[in-house]
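These numbers come from the heavy atoms of this one structure, side chains and all, not from hydrogens, waters or symmetry mates. Residue numbers start from 1 in every chain, and the chains themselves are labelled A, B, ... in the order their sequence lines are given, proteins ahead of strands. Small disclaimer: the values here were computed from a predicted structure and weren't measured.
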Amino acid sequence: MDYSELPKAYDASAVEKDIFKAWEEAGYFDPDKLPERNQNGEPYCIVLPPPNRTGTLHMGHAKMLAVEDLLIRFYRMQGRKAYWIPGTDHAAISTQVKVEQILIKQGMKDPRRELGREKFLEEVKKFAQQSRDTIVSQCKAMGASMDWNREKYTLDEDRNKAVNHMFKMMYEDGLIERGFRVVNWDPQFKTTLSDDEVLHKETQAELVTFKYDKDFPIAISTTRAETKFGDTAVAVHPDDVRYKQYIGQTLAANYCGKQISVKVIADKEVDPEFGTGALGVTPAHSMIDSDIANRHELPMVQVIGQDARMTVEAGPDFEGLTTLEARAKAISMLEEAGCLIKKEAVPQNLMIAERGGATVEQLPMRQWFVRVNKPFKLRQNSLGKWKQGDETTLKELMRHAVESGQTRILPESFHKIYFHWIDNLRDWCISRQIWFGHQIPVWYRRSSQAARPTSEDCEVSVGVEPEGDGWERDPDTLDTWFSSGMWTFSTLGWPDTASVDEQGNLIKTGELAMYHPTNVLETGYDIIFFWVARMILMSAYALGEVPFHDSYLHGLVRDDQGRKMSKSLDNILDPLDLIPKYGTDAVRLSLVMGTSPGLDQKLSEEKIKDFRNFTNKLWNISRFVLQSTSQTTVEEADRQRAGGKTLSDDWILSRFYHVQNKVTALIKDYQLSQAGELLRDFTWSDLADWYLEISKIEKNKDAVLGHILPRLLKLWHPFMPFVTEYIWKVGGLGSGQLMVSEWPSEESQASEAEKRFETIKTLVTDLRRLRSEQGIEPVKFVEFAVVADHAGSQIIEKNMEVVKSLCRAEKIILADKIDDGWAAAVSGSMTIGLNLAGAVDVEAEKMKLQKEMEDLIPYIESTEKKLSNSEFTAKAPEKVVKGMQDKLEEAKHKLAALEQRLKIL
RNA sequence: GGACGUUUAGCUCAGUUGGUUAGAGCGUUCGAUUCACAUUCGAAAGGUCGCAGGUUCGAAUCCUGCAACGUCCACCA
């Protein structure tokens with residue numbers, strides 16, 4: 001091939017599509033179509049966190065894809081049977097809300113009512129399908145090496161089967177139950193929400209202190225006067241002498257025109273120091289109060305309805321008012337009646353819905369819950385701690401999975417956060433009053449004349465649709481995270497691929513046996529609770545094993561000022577804009593380099609541009625190697641390499657093996673950024689700036705370059721798959737595709753060459769400095785001579801051509817070969833003889849020398865002191881002491897040389 | 001209210017059991033250029049490692065306190 005035809009600049013957009021197509025056609029994204037080497041290898045599996053079918057992918061997704069593809073490609077090249085499970089998430093409420101908004105924009109007033117369940121769901125499905133298509137093409141544009149023929153969907157038939165099975169299991173184990181409890185209610189979307197879907201926003205509120213009516217003996221405080229119609233108790237601390245006399249009494253009161261009956265109860269939870277020390281208990285509209293009410297068996301009066309307006313229970317004056325209207329009205333009525341004691345402004349956390357931002361009301365409703373504290377009997381041995389039939393709780397399972405190290409969360413600082421969340425976890429409300437999602441697999445048949453079916457007066461069938469007439473299915477759907485929580489095994493054929501043997505061991509078959517537990521779950525830290533924790537819960541419960549060994553949590557991608565990317569700020573960087581502009585490889589590098597797990601990253605277009613420059617650099621390095629060396633196959637190169645090596649050859653090979661092994665270790669340890677930076681330093685500094693320059697002087701580098709280039713491309717491939725695969729192809733560097741080539745793994749050879757080559761680097765750098773600082777023309781270097789210690793002198797003499805060329809000097813004379821007419825000066829371990837006949841600005845050089853000496857003296861003094869300290873030499877590791885001694889010697893040498901040079905000047 | 005994270009060069013960030021004179025990229029300044037690459041090359045300047053104590057022969061690294069910024073959790077009604 002004629003490499004001189006290769007373009008000077010790498011044009012990513014011109015080649016990426018074809019490369020991706022070639023990958024797809026080769027079929028290697030499918031683990032079952034990988035080469036034999038991989039087929040026999042150990043499985044390696046990552047599930048893609050399924051992107052929500054709510055629109056398009058953003059930078060966070062791009063980062064996720066970049067990291068996961070890096071890992072998958074790395075392990076695939078390492079010979080593992082790599083399986084990256086692709087899929088998308090129906091994202092229940094998010095998607096439904098999105099479609100509703102679109103339909104409203106198109107002119108509908110209330111799409112759900114106007115269309116009805118079936119037609120509305122058709123609209124949602126249409127949208128979800130479009131969104132899915134966009135997501136798939138975006139994943140492909142990112143170079144993500146997963147096989148979409150194996151696509152899974154959280155709402156497809158297989159997943160529905162798994163969900164229903166899980167629901168039934170948990171129901172039978174008493175872990176799922178229907179209950180009338182206080183739940184989070186989103187009045188805007190008219191559905192319940194889990195605790196995690198509720199945000200707290202600090203606002204100013206008015207805390208009012210009052211008595212229910214004039215004759216009521218106890219004053220209480222509240223920020224929500226409108227809920228007080230629902231009070232059924234006043235709670236005080238049992239030891240509070242002020243109220244002791246009332247404890248146990250039931251008092252009647254007239255609160256703003258409504259007759260209420262409150263019992264005075266004693267409860268240790270009440271803080272006697274706060275406010276009046278008495279707490280009005282509203283069981284229907286506060287989870288905390290509801291807990292108190294359960295303890296004391298108090299009745300519940302619901303005064304706020306699902307429309308966030310007051311109910312008939314609030315009395316005729318208030319019924320139908322919004323909560324805010326009712327609050328204002330109640331306060332003014334209290335004021336008029338002379339019951340108001342105090343008003344003060346306090347900060348208060350308002351509960352708002354994560355989606356939509358509506359104020360969340362707490363209401364009592366009949367809903368389905370997963371009970372996290374309920375002891376149950378395990379169906380199989382679990383997590384190496386429990387045997388079949390042992391009692392435990394879901395919380396215990398979640399805790400032990402991480403505590404025992406079976407799942408590792410990275411960075412480890414998230415362990416604490418995880419445990420804290422578990423400790424505070426309440427039962428998980430899983431039923432939603434939306435249409436898009438897995439419909440709850442429960443059927444009721446009326447067994448009484450009740451107007452509406454409830455579990456009390458109905459026959460209930462769970463899991464599969466029962467035979468017979470009169471059955472009606474629960475209209476609610478499941479929280480989207482219920483199905484997401486099963487993702488690692490619902491995608492691997494569960495429940496058909498799992499059974500339990502007589503000893504209580506889980507027997508896995510098929511893909512579940514092959515790939516579960518998966519190796520790593522890589523996702524943003526923002527969904528650790530929503531998803532990571534629930535996956536652990538589901539897997540530990542249903543399989544008795546963890547869903548993944550490692551959980552690598554990446555940070556959020558922010559703009560260059562550290563702000564969240566958002567439409568309103570107009571600071572969104574869109575992968576789809578950037579990929580054609582800078583190339584996918586550049587975008588991927590910018591999302592991996594300079595980042596740490598768990599920490600947010602700032603991203604600017606500038607950074608992506610820098611990595612575009614680097615892809616081009618790698619392109620040109622390769623082009624140069626291909627053009628300037630004779631075509632050698634990898635095998636030929638290896639053979640040739642055996643003989644005729646120079647110092648620079650030994651040096652670059654030594655460096656390369658070091659980098660190769662270090663990069664391998666770093667990737668295995670998830671230190672992707674560091675691995676990339678190490679590779680970049682080697683590629684740009686060592687290889688391009690030194691070795692390739694030397695190769696222009698010393699010929700016959702074909703074998704070494706022919707050895708390094710293909711291996712370097714391999715090391716880079718997981719980071720920048722496109723450009724490396726392209727070079728591999730146009731360079732004819734190997735028979736198959738780079739993506740399934742073998743990861744290089746030569747043992748690191750400890751070599752003296754690195755140290756000896758430093759001698760040359762130091763000298764060259766020094767001479768370059770003189771030229772740069774003092775503007776001495778290259779030709780003048782003729783006048784410079786070099787004295788090195790014996791070894792250094794020999795190194796330089798042997799590599800004279802290289803040194804001369806790199807310094808652009810015509811001639812360099814070693815000092816031991818010059819006469820007294822030359823003066824000697826010193827730099828580092830070698831002496832640079834300077835001809836005083838005008839080549840150097842003496843004053844400038846003197847100042848430079850003096851400054852260098854000044855910097856050196858304190859170091860030498862302190863190091864000497866340290867080394868003479870017996871405690872130090874006794875306690876410090878030998879390696880450190882030896883290193884310091886060497887450095888000290890070097891510094892002393894240098895100082896002496898500087899002194900001498902100064903004297904001469 | 002509880003917890004977590006961050007704070008290192010003008011900017012973005014490395015710095016993994018405490019150990020040799022704290023590193024890189026970008027930016028800045030100066031210089032180079034027919035030679036793979038101006039998407040380039042060379043050189044230089046630039047840091048009391050947030051502040052104050054402590055432990056240690058030795059601290060950016062460990063401990064304590066403080067500050068700034070950020071995040072998560074929690075309905076003191």
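Across all strands shown, the partner of G5(B) is C69(B), judged by Watson-Crick or G-U wobble contacts whose two distances both fall under 3.5 Å. Across all strands shown, G54(B) is found opposite C62(B) as a Watson-Crick or G-U wobble partner, with both distances under 3.5 Å. Both distances falling under 3.5 Å, in either a Watson-Crick or a G-U wobble arrangement, occur for no nucleotide opposite U17(B).
Atom-to-atom, CZ of Arg680(A) to C1' of A14(B) comes out at 11 Å; the value is rounded to the nearest Å. Rounded to whole angstrom, the span from the CZ atom of Phe414(A) across to the C1' atom of U6(B) amounts to 12 Å. Residue Lys609(A) contributes atom NZ, which lies 18 Å from atom P of U12(B) at whole-angstrom precision. Rounded to whole angstrom, the span from the CG atom of Leu603(A) across to the P atom of C11(B) amounts to 18 Å. Leu573(A) places its CG atom 16 Å from the P atom of U12(B), with the value rounded to the nearest Å. As rounded to whole Å, 13 Å separates atom C1' of U21(B) from atom CG of Leu867(A). Between Glu606(A) atom CD and U12(B) atom C1' there is a gap of 11 Å when expressed in whole angstrom units. Distance, Asp423(A) CG to C4(B) C1': 15 Å, rounded to whole Å.
Nearest to the side-chain atoms of Val880(A) among the listed nucleotides U21(B), G19(B), C13(B) stands G19(B). Side chain of Leu599(A), nearest nucleotide from G5(B), C57(B), C35(B): G5(B). Which of C26(B), A36(B), U21(B) sits closest to the side chain of Asp610(A) comes down to C26(B).
Spacing between G25(B) and A14(B) at atom P, rounded to whole Å, works out to 16 Å. Here the separation of G70(B) from G27(B), taken at their P atoms, is 29 Å to the nearest Å. With P as the reference atom, U71(B) and C63(B) are 25 Å apart, rounded to whole Å. Between A44(B) and G5(B), the distance separating the two C1' atoms is 37 Å to the nearest Å. Rounded to the nearest Å, the gap between the P atom of C41(B) and that of C26(B) is 9 Å. C57(B) and C72(B) have their C1' atoms separated by 42 Å, given to the nearest Å. Across the P atoms, U8(B) and A77(B) are found 37 Å apart, a figure rounded to whole Å. Taking the P atoms as reference points, C73(B) lies 26 Å from G65(B), given to the whole Å.
Using a 4.0 Å heavy-atom criterion, one finds that Ile621(A) contacts the bases of the nucleic acid, with or without backbone contacts as well. Across all strands shown, Ser596(A) has heavy atoms under 4.0 Å from sugar-phosphate atoms exclusively, and none from any base. Note on Lys607(A): nothing from the nucleic acid sits closer than 4.0 angstrom, heavy atoms only. Within 4.0 Å (heavy atoms only), Lys875(A) reaches at least one base atom of the nucleic acid. Among the atoms of the strands shown, only primed sugar atoms or phosphate atoms (P, OP1, OP2) are found under 4.0 Å from some heavy atom of Lys8(A).
Within a 6.0 Å radius of NZ in Lys395(A), more than 12 heavy atoms belonging to other residues, nucleotides or ligands are found. Counting non-hydrogen atoms of other residues, nucleotides and ligands closer than 6.0 Å to NZ of Lys263(A) gives a total of 12 or fewer. Other residues, nucleotides and ligands place more than 12 heavy atoms under 6.0 Å from the CD atom of Gln204(A).
Each of Thr232(A), Asp267(A), Asp291(A) was compared with His296(A) under the side chain to side chain donor-acceptor pair (under 3.5 Å) criterion, and only Asp267(A) meets it. Screening Leu618(A), Asp689(A), Val659(A), Leu678(A) for a side chain to side chain contact (heavy atoms under 4.5 Å, CB included) with Thr683(A), the sole residue that qualifies is Leu618(A).
Nearest heavy atom pair, residue Arg408(A) against residue Asp550(A), reads NE-OD1, 3.1 Å.
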Inset, instruction - Apply the test side chain to side chain contact (heavy atoms under 4.5 Å, CB included) to residues Ile331(A) and Phe210(A): give CA-CA distance (whole Å), side-chain angles for both, the deciding distance (0.1 Å), then the verdict. - result: CA-CA 9 Å; Ile331(A) 292 171; Phe210(A) 66 98; over 6 Å; no

Inset, instruction - List the steps, then state whether ring pair (Phe, Tyr, Trp, His ring centres under 6.0 Å) holds for Tyr582(A) with Phe611(A). - result: CA-CA 8 Å; Tyr582(A) 300 106; Phe611(A) 285 111; over 10 Å; no

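For Trp716(A) and Phe614(A), the distance between ring centers is under 6.0 angstrom.
Each of Asp681(A) and Pro877(A) was matched to the nucleotide of RNA chain B holding its nearest heavy atom; the match closer to the 5' end belongs to Pro877(A). The residue among Asn869(A) and Ser628(A) whose nearest nucleotide of RNA chain B lies closer to the 5′ end is Ser628(A).
Side-chain atoms of Asn616(A) come within 3.5 Å of backbone atoms of Tyr10(A) as a donor-acceptor pair (strictly under, hydrogens ignored).
Proximity of Lys866(A) to the phosphate of C57(B): no side-chain N or O atom is located under 4.0 Å from OP1 or OP2. A close approach under 4.0 Å does not occur between any side-chain nitrogen or oxygen of Gln601(A) and OP1 or OP2 of U12(B).
For Tyr859(A) and U21(B), the ring-to-base geometry satisfies the stacking test (centroid distance below 5.5 Å, interplanar angle below 30°).
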Inset, instruction - Determine, for nucleotides 39-45 of chain B in 5'-to-3' order, which nucleotides have protein heavy atoms under 4.0 Å from the base (write B), from only the sugar-phosphate (write S), or from neither (write -). - result: BSSBSS-

Inset, instruction - For nucleotides 67-77 of chain B, just jot down a letter per nucleotide in 5' to 3' order: B, S or -, based on protein non-hydrogen atoms under 4.0 Å. - result: -----SSBBBB

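Counting only residues at least two apart or on different chains, the side-chain hydrogen bond (donor to acceptor under 3.5 Å, both in side chains) pairs with a member in residues 591-603 of chain A are Lys63(A)-Gln601(A), Tyr525(A)-Asp600(A), Arg558(A)-Asp600(A).
Between Tyr552(A) and Tyr670(A), the angle of the ring planes lies from 30° to 60°, which puts this pair in the tilted group.
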